[in-house]
Amino acid sequence: MKLILLGPPGAGKGTQAETLAKRRGLVQLSTGEMLRAAVKAGTEIGRKAEAIMKSGGLVPDDVVIGIISDRIAEPDCANGFILDGFPRTLKQAAALDQLLDSKGTILDAVIELKVDDDALLARIENRARETIAAGGTPRADDNAEALKTRLMAYYKETSPLIGYYFAQGKLQTIDGMAPIAEVGRQIDALLAA
Ligand code: AMP
């Protein structure tokens, strides 16, 4: 099964992708996580991406398309995967379609997590607080200023994907404001249907 979780920053894509991947034996593919690992490791991609990510902007399409194309080719992805944070632009979506087509496969569903914008800042601030409480370092982009840029990027570049996948008959929308477990149940229910 090949799925996309779509939604603004703080919608719960990462949380849901992680538990869904465990329930279904799928691989979670988060370009944000991969980029953060590249920044930490100080690779060339990481060096290019660091400042862009910190400000909340989008890393260039060719960089993320390259990362995903390499990752999807690895054997553990053969059983299926959940994309969380990719695609984020129409160009990335078209590249993904081409990539899957070249492997003779297709996307099964695109699940949009719909949330109130007003709740997003509180969720992001809470995520930063929880990370600090657990002894970790919060993400460099989990603050009000970067969130504003990330939200703008979402509405400008990513939200057109809702129409793109609706037109493909792949879009399913669920209420991302429900409690975490309930969102998980809704996702399971629509995948079972
Ligand atoms: P995320 O963890 O999905 O919130 O991603 C964190 C940051 O990584 C984003 O704000 C972007 O700067 C960058 N990023 C992650 N995925 C993509 C993508 N598909 N296209 C462009 N930039 C991305």
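Every number for a ligand or one of its atoms is a count from 1 in the order of the listing. Heads up: numbering here begins at 1 and tracks the sequence.
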To check you understand the geometry: which heavy-atom pair defines the closest contact between Asp84 and Gly14, and what is its length? OD2-CA, 3.4 Å

If you take all heavy atoms of Ile106 and Lys2, which pair is closest and at what distance? O-CD, 3.8 Å

Under 3.5 Å donor-acceptor, Asn79 side chain and Asp76 backbone: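 Between the backbone of Asp76 and the side chain of Asn79 there is no qualifying donor-acceptor contact (under 3.5 Å).
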
If you measure only the distance, is there a donor-acceptor pair under 3.5 Å linking the side chains of [X] and [Y]?
X: Gln186; Y: Asp175; result: no
X: Asp117; Y: Tyr154; result: no
X: Asp97; Y: Gln168; result: yes

Would Lys13 count as a contact residue for ligand 1, given that I'm defining contact as a non-hydrogen atom of the residue lying under 4.0 Å from a ligand atom? no

Between the side chains of Asp142 and Arg123, is the shortest nitrogen-to-carboxylate-oxygen separation below 4.0 Å, so that they form an ion pair?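 Not counted as a salt bridge, because no side-chain N and carboxylate O are separated by less than 4.0 Å.
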
On a heavy-atom basis, I'd like to know which of Ala51, Gly85, Pro9 is closest to atom 19 (N) of ligand 1.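 Among Ala51, Gly85, Pro9, the closest heavy atom to atom 19 (N) of ligand 1 comes from Gly85.
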
Restricting to heavy atoms, the pick from Met34, Glu157, Arg88 nearest atom 17 (C) of ligand 1 would be Arg88

If you measure from CE on Met177 to CD on Glu182, what distance do you get to the nearest 0.5 Å? 13.5 Å

Does [X], backbone or side chain, put an N or O under 3.5 Å from an N or O of ligand 1?
X: Leu35; value: no
X: Pro87; value: no
X: Phe86; value: no
X: Ser30; value: no

Quick check on side chain to side chain donor-acceptor pair (under 3.5 Å): which of Arg88, Gln92, Lys91 does Asp61 satisfy it with?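 Among the candidates, only Gln92 passes.
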
Among protein heavy atoms, which lies nearest [atom], and at what distance?
atom: atom 16 (N) of ligand 1; answer: Thr31 OG1, 2.8 Å
atom: atom 8 (O) of ligand 1; answer: Met53 CE, 3.4 Å
atom: atom 4 (O) of ligand 1; answer: Arg139 NH2, 3.0 Å
atom: atom 22 (N) of ligand 1; answer: Val59 N, 3.1 Å

Can you list the ligand 1 atoms lying under 4.0 Å from a non-hydrogen atom of [X]?
X: Arg36; value: 2 (O), 6 (C)
X: Gly57; value: 10 (O), 11 (C), 12 (O)
X: Gln92; value: 18 (C), 19 (N), 20 (N), 21 (C)

Applying a 4.0 Å heavy-atom criterion (strictly less than), which segment of Thr89 is in contact with ligand 1: side chain, backbone, both, or neither? neither

Validation row: Arg139, Arg127 side chains within 4.5 angstrom (heavy atoms):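 SC-SC contact between Arg139 and Arg127 confirmed.
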
